[in-house]
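Please read the structure below before turning to the comments.
Every heavy atom of this structure was used, including side-chain atoms; hydrogens, water molecules and symmetry mates were not. To find a chain, count down the sequence lines: A is the first, B the second, and so on, and within it residues start at 1. These numbers were taken from a predicted model, which means no experiment stands behind them.
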2 protein chains.
Amino acid sequence: MIIEIDFNSDEALYLQLRNQIIMGIATAQFQEGDSLPSVRQLADSIGINMHTVNKAYTVLKQEGYVKVDRRKGAVIAIDVDRMQALAELKRELQVILAKSSCKNISCEEVHQLINEIYEDYGGLK
Amino acid sequence: MIIEIDFNSDEALYLQLRNQIIMGIATAQFQEGDSLPSVRQLADSIGINMHTVNKAYTVLKQEGYVKVDRRKGAVIAIDVDRMQALAELKRELQVILAKSSCKNISCEEVHQLINEIYEDYGGLK
DNA sequence: ATGCTGTTATAATATGAATATAACAATCCC
DNA sequence: GGGATTGTTATATTCATATTATAACAGCAT
């Protein structure tokens, strides 16, 4: 999978990495059981420090997207906690919808945009 | 309007402030032309530093939610840049929907949750 | 045995968040 | 006019986080 880091972004490198990997999982570019590149390997190929990649992996582990195996490294393994996921989703959506509403984006437009994203990412379950 | 700050949150104080004010605008608790409390006043009532409130107001100004008047202070004044707002919305939704998809939350459930939020916040335009 | 893996420790640097004082000019109220 | 409050700006300090840099260790593969 192609991972692109924007060094000019104000978003932390490890968060950009985390987000891209999560999007990679959602679009089935990474599948349950797949191994992520080793921390050193990925750090080399991107041109960042090993610990930055390690932090991204650690966060992904804490958030229930991967498990770490001594031999296979970070392996995609989703731990589904629906209650927590729904609570987080609601919290995030509240802010986003407030911003959208202020900017004259209607409820219908949001629904439409979501459908577009689901179509773009045909892989979404 | 009641502003509640969570000092245990990992979210920056000025961002919590910004988000709550945006939600306040979206729910019509603040209306176009209304003045926000002075930076010193709000800082006092919350128990934080003046500059932290000032930073929140500065961000709100940059993002087009308020304009600052010498006399009235920070005044609600929405500057609608739909293109930019839609672009930002899409970027944020992509990550959120990816996370949701991984956690077995369906597209329909997201639509439903959005409707719930719109109903809860009856004030949303 | 060599080389790779994840993990851990430590240190240095850089950046941002938050607080603390302080001052200035414009405005408002009495 | 005079005092209080406004937003703004400047400077400094403290603290947490992000990022990089070395380094070492134990487990595993070929």
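Which of dT19(D), dG6(C), dA17(C) sits closest to the side chain of A12(B) comes down to dA17(C). For L13(B), the side-chain atoms get nearest to dA18(C) when compared with the rest of dT20(D), dG6(C), dA18(C). Distance from the side chain of Y14(B) is smallest for dA17(C) among the nucleotides dG7(D), dA17(C), dT22(D). Nearest nucleotide to the R40(B) side chain, out of dG7(D), dA24(D), dT20(D): dG7(D).
Taking for each of M50(A) and K61(B) the nucleotide of DNA chain D with the nearest heavy atom, the 5'-most of the two is the partner of K61(B). Of the two residues near DNA chain C, V68(A) and I48(B), the one whose nearest nucleotide lies more 5' is V68(A).
Rounded to an integer number of Å, the gap from F7(A) CZ to dT20(D) C1' is 12 Å. Taking atom CD of E11(B) as the reference point, atom C1' of dA18(C) lies 15 Å away to the nearest angstrom. Distance NE2 (H51(A)) to P (dT13(C)): 17 Å, rounded to an integer number of Å. Nucleotide dG7(D) holds its P atom 18 Å from the NZ atom of K67(B), rounded to whole Å. The CG atom of D10(A) sits 9 Å away from the P atom of dG16(C) (whole-angstrom rounding). Note: NZ (K72(B)) to C1' (dT6(D)) measures 14 Å, nearest angstrom. For the pair D69(B) CG and dC28(C) C1', the computed distance is 13 Å after rounding to whole Å. Rounded to a whole Å, the CG atom of L42(B) is 14 Å from the C1' atom of dG7(D).
Salt bridge status for K99(A) with E88(B): present, with a side-chain N to carboxylate O gap under 4.0 Å. Here K61(B) does not pair with D79(B) in a salt bridge; the nearest charged N to carboxylate O distance is not below 4.0 Å.
Separation of atoms CG (L17(B)) and CG (N54(B)) is listed at 11.5 Å; rounding is to 0.5 Å.
Heavy atoms of other residues, nucleotides or ligands lying less than 6.0 angstrom from CD of Q84(B) number 12 at most.
Counting non-hydrogen atoms under 4.0 angstrom, K55(B) reaches the backbone sugars and phosphates but no base. Heavy atoms of Q41(A) sit under 4.0 angstrom from primed sugar atoms or phosphate atoms, though from no base atom.
Taking only side-chain nitrogens and oxygens, S38(A) comes nearer than 4.0 Å to OP1 or OP2 of dT5(C). In this structure, T52(A) does not reach the dA18(D) phosphate: none of its side-chain N or O atoms is under 4.0 Å from OP1 or OP2.
Side-chain contact check for T27(B) and Q29(B): at least one donor-acceptor pair (N or O, by modelled atom type) lies under 3.5 Å.
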